[in-house]
S.K.: 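Next up is a structure, given as structure tokens.
All values reported here derive from a predicted model rather than from experimental measurement.
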Amino acid sequence: MAKRRRYIWGIWALAAALFVGSGFPGTEVRAEAGEEKITLHMMYYWGDTDSDISSKYLKEILEKDFPEAFPNVELVQETCDNETYKKKLKVLMASDEAPDIMISYGGGFSENFVKAGKVLALDDYLDDFYKEHMNMEYQENFIFDGRCYGICYANWKGILYCNTELLEKAGAEIPETYEELLEVCRKLRAADIEPIALGILNKWQGQQWLNNFTIQLGGAELYKDMAGGGESMDQEVLQKAAELTEGLIDADAFCTDMYQLVSGEAEEMFLNGKAAMIYIGSWFTQSAEERLGDKVEAAKMPVVPGAEYSQDYHGGGSNGWIVSADTEYPETAAEIVAWLSYRLSCYQPENATFFLDEGDAVNEISPTGRRIKEMYNGSREGGIAWDSLMTSDRADVWLNFCAGLFEKKIDGQDFAGELARCIG
């Protein structure tokens, strides 16, 4: 990875376009249509619940900071929920009606648009400030053929959030191994407490467990190769991950209503103190702290039997801003997405994808955020969720298989082989 990162830096060092800073780092507004106001269309999702803290900060940034930084730009904004957004973005890209600026998902999801010529390569439009401050570890999922097609605005790590008050009521402690997790769930059930909040209706929360277990068993490099099609899905590590997940399902570790819940409803279950644990990305941290206070504690996923890659992690930079290749104002649009990404890092430094200048951070890293950074200090390599890393057609098959496992329509022992036959 280090060699690849040096190569990317070499590519970026050739980019031109220097901007002179104004009131915000790296930014000077230029009206590409003269001094008159220009209009850009921008589309993004707000997430299923307020647990995606980036949405809260984005609204604040657009209302408070944007008018000063870009006084000659009028933004026409469109939003919808996460799942609807994914479908809508695909339709708009296919019909050549994409907005100027939009959020996309790194890896295979964006790669389809890049190959179709729908996304602007940003290298030649980025100034030195952004190139020098970007943490390239979290930008890799928007780099294709050595070119930058998007800017990631937040990185995440997979976290098992625990309600310590509920665990204490059940006489249980935060689990560190898979076997301990099973025992904790048994104790919680005996105390009439839902162990793990999970929503299966929109499928992605279920995949997180399989993703994490696969990385622990096979490592992030193999994990990413499998997602990209470089390695077959018919791997022993995936079969074992499916069997371990099946073991949790059979042990009633997940909430009773998981088949009737979407992910946002499961998150609310945990935040309302109705479930003792939830596994989700670290974007959930601030919501958990605000709602549960000192009752919430962040932990790594318990170590599974046979884990040889416990220093690799589930997570990374997966969501970012992209620009339509058809925009009338490529320079301004590219400047805005770089500025937005840096500002979002300033507002949520615990998930920053940039190295921040002194004094630029708007918020301090929270106690739980600091613990998460300490937990993952020294981690080797990460992998984001497979529904982002995979191309859209493969992701759809993958998510359907995950739902089938949780619904007990697919056996864990046969999971990897059957998936390989269907996904190609």
Side-chain angles (χ1 to χ4, degrees), residues 45 82-94 102-119 140-145 149-150 152 156 158 200-215 217-243 245 263 281 312 314-320 322 381-407 409-412 414-424:
Y45 68 89
N82 198 350
E83 294 305 311
T84 302
Y85 182 84
K86 291 179 181 178
K87 298 172 185 175
K88 187 167 187 175
L89 185 57
K90 294 175 187 177
V91 171
L92 292 175
M93 286 290 196
M102 63 214 104
I103 281 178
S104 189
Y105 309 83
F109 187 94
S110 289
E111 186 176 12
N112 283 344
F113 304 146
V114 170
K115 288 182 176 179
K118 305 291 186 181
V119 184
E140 65 172 355
N141 293 309
F142 288 92
I143 303 291
F144 303 100
D145 295 325
Y149 287 91
C152 183
W156 58 273
I200 290 300
L201 281 182
N202 50 358
K203 304 174 185 177
W204 71 264
Q205 269 190 347
Q207 76 162 337
Q208 303 285 72
W209 290 82
L210 287 131
N211 283 171
N212 185 295
F213 294 165
T214 302
I215 289 175
L217 294 164
E221 185 176 349
L222 174 61
Y223 171 88
K224 289 186 280 192
D225 286 344
M226 290 168 67
E231 293 282 352
S232 169
M233 284 288 169
D234 193 5
Q235 302 279 342
E236 183 179 353
V237 294
L238 180 56
Q239 177 187 324
K240 182 64 174 176
E243 291 174 348
T245 305
S263 54
D312 285 3
H314 180 215
S318 57
N319 293 18
I322 63 173
E381 186 174 356
I384 61 174
W386 267 355
D387 65 336
S388 289
L389 277 177
M390 291 176 173
T391 56
S392 297
D393 54 341
R394 287 169 63 85
D396 289 342
V397 176
W398 159 249
L399 289 175
N400 286 334
F401 262 74
C402 290
L405 180 69
F406 276 86
E407 294 165 358
K409 296 177 181 178
I410 301 173
D411 186 81
D414 302 325
F415 184 89
E418 290 188 20
L419 176 63
R421 284 190 286 274
C422 291
I423 209 168

S.K.: Run Met226 and Tyr223 through side chain to side chain contact (heavy atoms under 4.5 Å, CB included) and show every step you take.
M.R.: CA-CA 5 Å; Met226 290 168 67; Tyr223 171 88; 5.6 Å; no

S.K.: How far apart are the closest heavy atoms of Ala416 and Gln239, and which atoms are they?
M.R.: CB-N, 3.8 Å

S.K.: What is the distance from atom CZ of Phe401 to atom CG of Leu419, rounded to the nearest 0.5 Å?
M.R.: 5.5 Å

S.K.: For atom NZ of Lys90, is the number of surrounding heavy atoms from other residues, nucleotides or ligands below 6.0 Å larger than 12?
M.R.: yes

S.K.: Check step by step if side chain to side chain contact (heavy atoms under 4.5 Å, CB included) holds for Thr245 and Phe406.
M.R.: CA-CA 8 Å; Thr245 305; Phe406 276 86; 3.7 Å; yes

S.K.: Any side-chain heavy atom of Tyr85 sitting closer than 4.5 Å to one from Ile103?
M.R.: yes

S.K.: Could you report the tightest heavy-atom contact between Gln207 and Trp386, atom names first, then the distance?
M.R.: OE1-N, 3.7 Å

S.K.: Show the nearest heavy-atom pair for residues Gly150 and Phe142, with the distance to one decimal.
M.R.: O-CB, 3.5 Å

S.K.: Considering residues, nucleotides and ligands other than Glu236, do more than 12 of their heavy atoms fall under 6.0 Å from its CD?
M.R.: no

S.K.: Side chain to side chain donor-acceptor pair (under 3.5 Å) between Ser110 and Ser104: does it pass, once the steps are laid out?
M.R.: CA-CA 6 Å; Ser110 289; Ser104 189; 2.7 Å; yes

S.K.: Atom CH2 in Trp398, atom SG in Cys422: separation rounded to 0.5 Å?
M.R.: 13.0 Å

S.K.: Quick one: are Phe415 and Leu238 in side-chain contact, heavy atoms under 4.5 Å?
M.R.: yes

S.K.: Measure the shortest side-chain to side-chain distance between Val119 and Phe144 over non-hydrogen atoms and say whether it is less than 4.5 angstrom.
M.R.: no

S.K.: Can you classify the ring geometry of His314 versus Trp156 as parallel (below 30°), tilted (30 to 60°) or perpendicular (above 60°)?
M.R.: perpendicular

S.K.: Might you point out which heavy atoms bring Glu381 and Ala220 nearest each other, and give the distance in Å?
M.R.: O-CB, 3.6 Å

S.K.: I would like to know whether Asp234 and Ser232 meet side chain to side chain donor-acceptor pair (under 3.5 Å); could you show each step before the answer?
M.R.: CA-CA 5 Å; Asp234 193 5; Ser232 169; 5.3 Å; no

S.K.: Could you tell me if the side chain of Cys152 sits less than 4.5 Å from the side chain of Asn141, heavy atoms only?
M.R.: no

S.K.: Are any of the side-chain heavy atoms of Lys86 and Tyr105 separated by less than 4.5 Å?
M.R.: yes

S.K.: Does Glu221, at its CD atom, have more than 12 non-hydrogen atoms belonging to other residues, nucleotides or ligands within less than 6.0 Å?
M.R.: no

S.K.: State, yes or no, whether a side-chain contact exists between Lys203 and Cys402 at a heavy-atom distance under 4.5 Å.
M.R.: no

S.K.: With the side chain counted from C-beta on, respond yes when Gln235 and Asp225 share a heavy-atom pair under 4.5 Å apart, and no when they do not.
M.R.: no

S.K.: Is any side-chain heavy atom of Ile423 less than 4.5 Å from a side-chain heavy atom of Met390?
M.R.: yes

S.K.: Measure across Leu210 and Ala241 and return the closest heavy-atom pair with its distance rounded to 0.1 Å.
M.R.: O-CB, 3.9 Å

S.K.: Between the side chain of Asn212 and the main-chain N/O of Gln208, is any donor-acceptor distance below 3.5 Å?
M.R.: no

S.K.: For Ile410 and Leu405, work out which heavy atoms get closest and say how close.
M.R.: O-CD1, 3.5 Å

S.K.: Hey, could you give me the OG/CD distance between Ser392 and Glu111, rounded to the nearest 0.5 Å?
M.R.: 10.5 Å

